[in-house]
Amino acid sequence: QVHVVESGGGLVQAGGSLRLSCAASGRSFSSYAAGWFRQAPGKEREFVAAITGGGGYTNYADSVKGRFIISRDNAKNTVYLQMASLKPEDTAVYYCAAKNGAAYYSDSTTYLSWGQGTQVTVSS
């Protein structure tokens, strides 16, 4: 089973950018789809973006389309979330997760492995 660890969070002003990284350990990471989710205080965890194992398909929440880009480098066992034009409402703990199989990329219950999360805070 693959294990994932997030990094790259921090404090940024509105309009700024951040890049999150998700480092995976374990075998055959390229066979796992990966997703980013986030959870703001007092709110439920929500889907942000997902990418298939080979990187050929990506999916985004409407709230981040055009601002966030998910990508992966399987040679480095790493998935990235490039975030731009950040807004205060993007403030949350961001989680990386990995899953087997296709489809249901926005459904958190289909993901097998989760990281501990990294805090992103966007100031106004």
Side-chain angles (χ1 to χ4, degrees):
Q1 185 173 343
V2 68
H3 298 279
V4 295
V5 177
E6 306 94 337
S7 62
L11 174 63
V12 64
Q13 289 188 331
S17 301
L18 274 177
R19 188 178 78 161
L20 305 183
S21 297
C22 172
S25 61
R27 299 173 62 183
S28 303
F29 179 59
S30 60
S31 66
Y32 290 82
W36 286 96
F37 292 78
R38 66 187 182 186
Q39 187 167 18
K43 295 188 176 181
E44 293 186 352
R45 189 172 298 187
E46 65 174 2
F47 170 73
V48 175
I51 188 167
T52 51
Y57 171 80
T58 57
N59 188 23
Y60 296 92
D62 288 342
S63 60
V64 306
K65 279 181 182 176
R67 300 189 299 122
F68 292 9
I69 298 174
I70 188 171
S71 62
R72 66 191 297 159
D73 184 343
N74 285 335
K76 296 182 178 180
N77 276 9
T78 303
V79 175
Y80 304 98
L81 185 67
Q82 180 69 50
M83 305 184 294
S85 302
L86 283 162
K87 306 174 182 179
E89 51 264 43
D90 293 318
T91 295
V93 177
Y94 283 70
Y95 297 91
C96 176
K99 68 184 292 252
N100 293 124
Y104 308 109
Y105 296 108
S106 63
D107 184 352
S108 63
T109 64
T110 66
Y111 287 79
L112 301 176
S113 299
W114 290 83
Q116 294 299 307
T118 185
Q119 176 70 47
V120 172
T121 303
V122 184
S123 62
S124 57

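Below, each value reflects all heavy atoms present in this structure, side chains not excepted, and no hydrogens, waters or symmetry copies.
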Taking all non-hydrogen atoms of both residues, which atom of G53 and which atom of N74 are closest, and how far apart? O-ND2, 2.8 Å
With rounding to the nearest 0.5 angstrom, report the SG to CD distance, C96 to Q116. 12.0 Å
Heavy-atom distance under 4.5 Å between the side chains of D90 and M83, does that happen here? no
With heavy-atom distances below 4.5 Å as the criterion, would you say the side chains of F29 and T78 are in contact? no
For T118 and G9, which heavy atoms make the closest approach, and how far apart are they? OG1-N, 3.1 Å
Would you indicate whether the side-chain heavy atoms of F68 and L86 approach each other to under 4.5 Å? yes
Would you indicate whether the side-chain heavy atoms of Y80 and L20 approach each other to under 4.5 Å? no
May I ask whether I70 and V2 are part of the same hydrophobic cluster, defined by side-chain heavy atoms of I, L, V, M, F, W, Y residues being less than 4.5 angstrom apart, directly or through others? yes
Quick check on ring pair (Phe, Tyr, Trp, His ring centres under 6.0 Å): which of Y32, F37, Y105 does Y111 satisfy it with? F37
To check you understand the geometry: which heavy-atom pair defines the closest contact between S85 and S17, and what is its length? N-OG, 4.5 Å
Heavy atoms only: give me the nearest Y95-G115 pair and the separation to one decimal. CD2-O, 3.6 Å
Euclidean distance, C22 SG relative to R72 CZ, rounded to 0.5 Å: 9.0 Å
Pairwise side-chain contact, Q1 with S113, heavy-atom cut-off 4.5 Å (strictly under): yes
According to a hydrophobic-cluster definition based on side-chain heavy atoms being under 4.5 Å apart (Ile, Leu, Val, Met, Phe, Trp, Tyr only), do W36 and W114 belong together? no
Give the cluster check for V12 versus L81: same hydrophobic cluster or not, with ILVMFWY residues linked at side-chain heavy-atom distances below 4.5 Å. yes
NZ-OG distance between K99 and S31, expressed to the nearest 0.5 angstrom: 12.0 Å
Kindly indicate whether the side chain of R67, heavy atoms from C-beta on, has any atom under 4.5 Å from the side chain of Y60. no
For P88 and S124 the tightest heavy-atom approach is CG-CB, 3.9 Å
Atom CD of Q119 and atom OG1 of T91: how far apart are they, to the nearest 0.5 Å? 7.0 Å
S108 vs E44 side-chain heavy atoms within contact, under 4.5 Å: no
Closest contact, heavy atoms only, A92 versus R38: CB-CB, 3.8 Å
Under 4.5 Å between any side-chain heavy atoms of V122 and E89, yes or no? no
